[in-house]
There are 2 protein chains.
Amino acid sequence: MELTPLTERFVLHFGEMGSRWGINRTVGQMYALLFISPQPLNADEIAETLGFSRSNVSMGMKELMSWRLARLLHRPGDRREYFEAPKDIWEIFRTLAEEKRKREIEPTLSMLRDALLEVPQTDAEHHAQGRMREMHELIEMATVWFDEVQRLSPETLESLMRLGAKVQKVLGFTDKLRGKD
Amino acid sequence: MELTPLTERFVLHFGEMGSRWGINRTVGQMYALLFISPQPLNADEIAETLGFSRSNVSMGMKELMSWRLARLLHRPGDRREYFEAPKDIWEIFRTLAEEKRKREIEPTLSMLRDALLEVPQTDAEHHAQGRMREMHELIEMATVWFDEVQRLSPETLESLMRLGAKVQKVLGFTDKLRGKD
DNA sequence: TTATAGTTTCAATAATTTCTGAAATTACAC
DNA sequence: GTGTAATTTCAGAAATTATTGAAACTATAA
């Protein structure tokens with residue numbers, strides 16, 4: 001498969017951004033390629049298009065599958081494995097949020113929970129525990145919120161998002177909006 | 001400054017998680033230390049407590065300041081620079097979200113905007129552009145939403161969060177809740 | 001079975017990132 | 001100004017992470 005200028009730009013960008021997003025360059029490119037591909041691709045096509053080794057593609061796809069950003073499928077009469085990226089952009093959004101939460105938030109939440117069970121031995125520990133409690137409460141609240149909101153249908157979520165800050169008015173909350181900084 | 005077992009655990013955890021969060025181990029530890037410290041610390045104290053080189057602390061603090069997760073202050077009669085982490089947990093949350101958006105989302109949004117201006121030359125490009133449009137729309141919507149909601153006071157935001165999915169009921173939206181997968 | 005296409009593993013190495021110590025710079029007190 | 005404490009810079013060393021190619025493994029067709 002040949003990349004057109006437009007698709008190449010997209011793929012290269014995902015490669016560059018990969019490191020900021022916590023995946024590596026080649027995995028970022030592989031995902032971008034799957035995302036824009038009109039049909040599932042097999043590992044050789046991916047390796048050939050992007051110019052990576054076959055083994056790198058194998059490992060990269062494993063990683064993408066662990067993020068649930070790629071799935072495996074087979075075509076009748078072809079024993080190679082094909083990969084595709086989930087189509088529904090809302091599903092991708094949710095999946096990504098779930099995986100990030102599992103990897104980047106849960107471990108910390110769990111560490112905080114443990115730390116809060118300890119009996120502080122010094123003033124310093126007492127203070128530190130207070131800070132940890134604040135952190136724990138915020139993260140806990142945000143994740144519970146996320147859990148609940150995630151169960152809404154994409155349509156409702158979209159309406160809610162489009163409502164934005166106006167939700168506050170509609171609900172009759174009183175609030176002073178913050179200035180731009 | 002000596003770390004107690006409780007604070008050491010917290011600091012080491014932030015070091016470990018650092019790489020998943022896009023900062024490195026030592027910067028993660030530095031932030032954790034500042035976060036739980038009851039008073040501002042100078043660079044030597046940080047270096048000594050965590051066992052890093054003085055120059056590493058200098059670079060680390062620069063990075064934390066670029067994330068607005070640390071700020072500089074001076075004490076009368078002491079010419080060293082002291083650092084502290086913002087106290088308000090909501091402010092931290094907002095700051096982090098803003099910085100992540102700037103670094104991890106804006107560049108992609110901008111690439112997508114450019115790509116969507118191009119006239120597709122082939123079927124493949126046409127399809128790819130369609131996918132990019134979906135991605136762009138979702139990100140755009142989410143960031144506009146975030147902009148607006150961010151202007152709410154922490155109190156309102158907290159009420160809203162505690163409302164969770166019930167917001168949908170209160171607003172009279174009809175929606176079927178999604179099962180747990 | 002066996003042959004072989006397809007996939008994965010893994011040790012070696014390439015590339016990148018992190019961290020340090022020494023030198024340079026800056027800021028302040030005298 | 002000069003001297004010194006504090007900070008930053010930066011080149012190289014150390015550590016980590018990414019990538020490859022060859023070998024091992026697996027599944028299927030003949």
Side-chain angles (χ1 to χ4, degrees), chain A residues 1 11-12 14-34 40-67 69-84 103-104, chain B residues 1 11-12 14-34 40-67 69-84 103-104:
Chain A
M1 216 186 66
V11 164
L12 292 180
F14 267 62
E16 299 305 325
M17 295 300 288
S19 56
R20 301 200 195 180
W21 297 335
I23 55 176
N24 65 39
R25 188 179 56 91
T26 53
V27 174
Q29 290 189 16
M30 290 179 213
Y31 177 68
L33 179 61
L34 283 187
L41 301 173
N42 64 47
D44 285 314
E45 286 170 325
I46 297 171
E48 205 235 318
T49 306
L50 300 176
F52 309 142
S53 71
R54 180 62 188 72
S55 58
N56 193 2
V57 172
S58 174
M59 293 190 299
M61 295 314 299
K62 223 165 76 172
E63 169 147 21
L64 282 179
M65 295 196 333
S66 86
W67 280 93
L69 287 175
R71 46 179 165 241
L72 203 55
L73 56 94
H74 291 271
R75 314 199 115 171
D78 185 340
R79 75 205 235 197
R80 285 170 300 182
E81 298 182 323
Y82 283 77
F83 300 95
E84 69 175 1
R103 296 159 194 239
E104 300 177 6
Chain B
M1 219 185 66
V11 164
L12 292 181
F14 267 62
E16 299 305 325
M17 295 300 287
S19 55
R20 300 200 196 179
W21 297 335
I23 56 177
N24 65 39
R25 190 179 55 91
T26 53
V27 173
Q29 291 190 15
M30 290 180 214
Y31 178 69
L33 179 61
L34 283 186
L41 301 172
N42 64 48
D44 285 314
E45 287 170 325
I46 297 171
E48 205 235 319
T49 306
L50 300 176
F52 308 143
S53 71
R54 180 64 187 71
S55 60
N56 193 5
V57 172
S58 174
M59 293 191 297
M61 294 314 297
K62 223 163 77 171
E63 169 146 20
L64 283 179
M65 295 197 333
S66 87
W67 280 92
L69 287 175
R71 46 179 164 239
L72 204 53
L73 56 94
H74 291 273
R75 315 197 114 171
D78 185 339
R79 78 205 234 194
R80 285 170 300 183
E81 297 182 324
Y82 283 77
F83 299 95
E84 67 174 4
R103 296 159 194 240
E104 299 177 7

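The sequence lines fix the lettering, A, B, ..., with proteins before strands; numbering per chain opens at 1.
- Closest to the side chain of Ala43(A), from the set dT7(C), dT20(C), dT20(D), is dT7(C).
- Distances were taken from every side-chain heavy atom of Arg79(A) (C-beta onward) to each of dT9(C), dA29(D), dC19(C); the shortest belongs to dA29(D).
- Across all strands shown, Asn56(A) has heavy atoms under 4.0 Å from base atoms, whether or not it also approaches the sugar-phosphate.
- Here the C1' atom of nucleotide dA18(D) and the CD atom of Gln29(A) are 13 Å apart, to the nearest Å.
- For dT7(D), neither phosphate oxygen OP1 nor OP2 lies less than 4.0 angstrom from any side-chain nitrogen or oxygen of Lys62(B).
- Arg54(B) comes within 4.0 angstrom of a nucleotide base, judged by non-hydrogen atoms across all strands.
- Going from atom CG of Leu72(A) over to atom C1' of dA27(D) covers 14 Å, rounded to whole Å.
- A donor N or O paired with an acceptor N or O is found under 3.5 Å between the base of dG21(D) and the side-chain atoms of Ser55(A).
- Side-chain nitrogen and oxygen atoms of Arg25(A) include at least one within less than 4.0 Å of the OP1 or OP2 phosphate oxygen of dT19(D).
- Atom P of nucleotide dT19(D) and atom CG of Leu50(A) are separated by 11 Å, given to the nearest angstrom.
- Annotation: side chain of Tyr82(A) is not in contact with side chain of Leu72(A) (no heavy-atom distance under 4.5 Å).
- At the heavy-atom level, Thr26(A) lies under 4.0 Å from the strands shown only through sugar-phosphate atoms.
- A sub-4.0 Å separation between OP1 or OP2 of dT19(D) and a side-chain N or O of Asn24(A) is present.
- In this structure, of dC19(C), dT8(D), dT19(D), it is dT8(D) that holds the atom nearest to the side chain of Ser58(B).
- Of the listed nucleotides (dA6(D), dT20(C), dT20(D)), dA6(D) has the atom at the smallest distance from the side chain of Arg80(B).
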